[in-house]
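Please read the structure below before turning to the comments.
Model, not experiment: these values are computed from the prediction. Worth knowing before you read on, the calculation uses all heavy atoms, side chains too, and leaves out hydrogens, waters and symmetry mates. Throughout, protein chains are lettered first and strands after them, A, B, ... in sequence-line order, and every chain is numbered starting at 1.
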Amino acid sequence: MNIFRLAGDLFHLISIFILIHKMTTSKSCSGISFKSQALYLLVYVTRYLDLFWTFALYNSTMKIIFIGSSAYVLHLMTGPFKPTHDPNIDTFKVRYLIGGAAILALLFPYKWTPAEVLWTFSIWLESVAILPQLFMVQRTGAAETITTHYIFALGAYRALYIPNWIYRYLTSTFWDPLSIIAGVIQTVLYSDFFYIYYTKVLQGRKFELP
Amino acid sequence: AAESTKHDEL
């Protein structure tokens, strides 16, 4: 554990808190992509299968929180707040993301075991799971401030893992190329969003695309 | 040593 990883995980927790807080206080999930949320649940379930055979207090607790909160968000979106979700603006074709992640996972896992292939699938899928959400923001041309805070916190989480990987490589020669490549791609996908977030939202203006 | 399949991150 190092400060970058801890900060990254805290940003991940904060992003989930912001999302659930936004939905429960406004009693609405407008502006949130159901497809991205469904992909995240798929990411957590396929990556954290090792809950069944590995226990570490910090990691296991976080894994349960991520799976549980993700399932809760999907419950809110399909149950109580379903009328506020507009599928007509949530139209990204996720089959290509799932298919691409599945192909990469089958071709280049660390080991050809079901758990390793699913872990690799989850790493690639996470790197692109935000795309339906970003696509939705782009289609509507604007986003609520709270939604932009959510996307920022979620992006900051994986961005902070990058200095964590550098630190771990330098201090213990830890080297996880799949996580690192996918994590860099994930951060790059957020970079346009980060730029607009910094230049607009943090200066008190509305998030609107130029 | 490579620890690439330890998966000790989230």
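Between A:T54 and B:H7 the shortest side-chain heavy-atom distance does not fall below 4.5 Å. Between B:L10 and A:R47, every side-chain heavy-atom pair lies at or beyond the 4.5 Å cut-off.
The environment of CZ in A:F135 is crowded: more than 12 heavy-atom neighbours from other residues, nucleotides or ligands sit within 6.0 Å. Shown here is A:F194, whose CZ atom has more than 12 heavy atoms of other residues, nucleotides or ligands within 6.0 Å.
Scanning residues 149-158 of chain A against chain B with a 4.5 Å heavy-atom cutoff picks out A:Y157, A:R158, ordered by number. Residues of residues 16-45 of chain A never come closer than 4.5 Å to chain B when only heavy atoms are counted.
When atom types are taken as modelled, the side chain of A:N59 and the backbone of B:D8 share a donor-acceptor pair closer than 3.5 angstrom.
Taking chain B as the reference chain and counting heavy-atom pairs below 4.5 Å, the highest number among A:Y48, A:Y161, A:Y58 is found for A:Y161.
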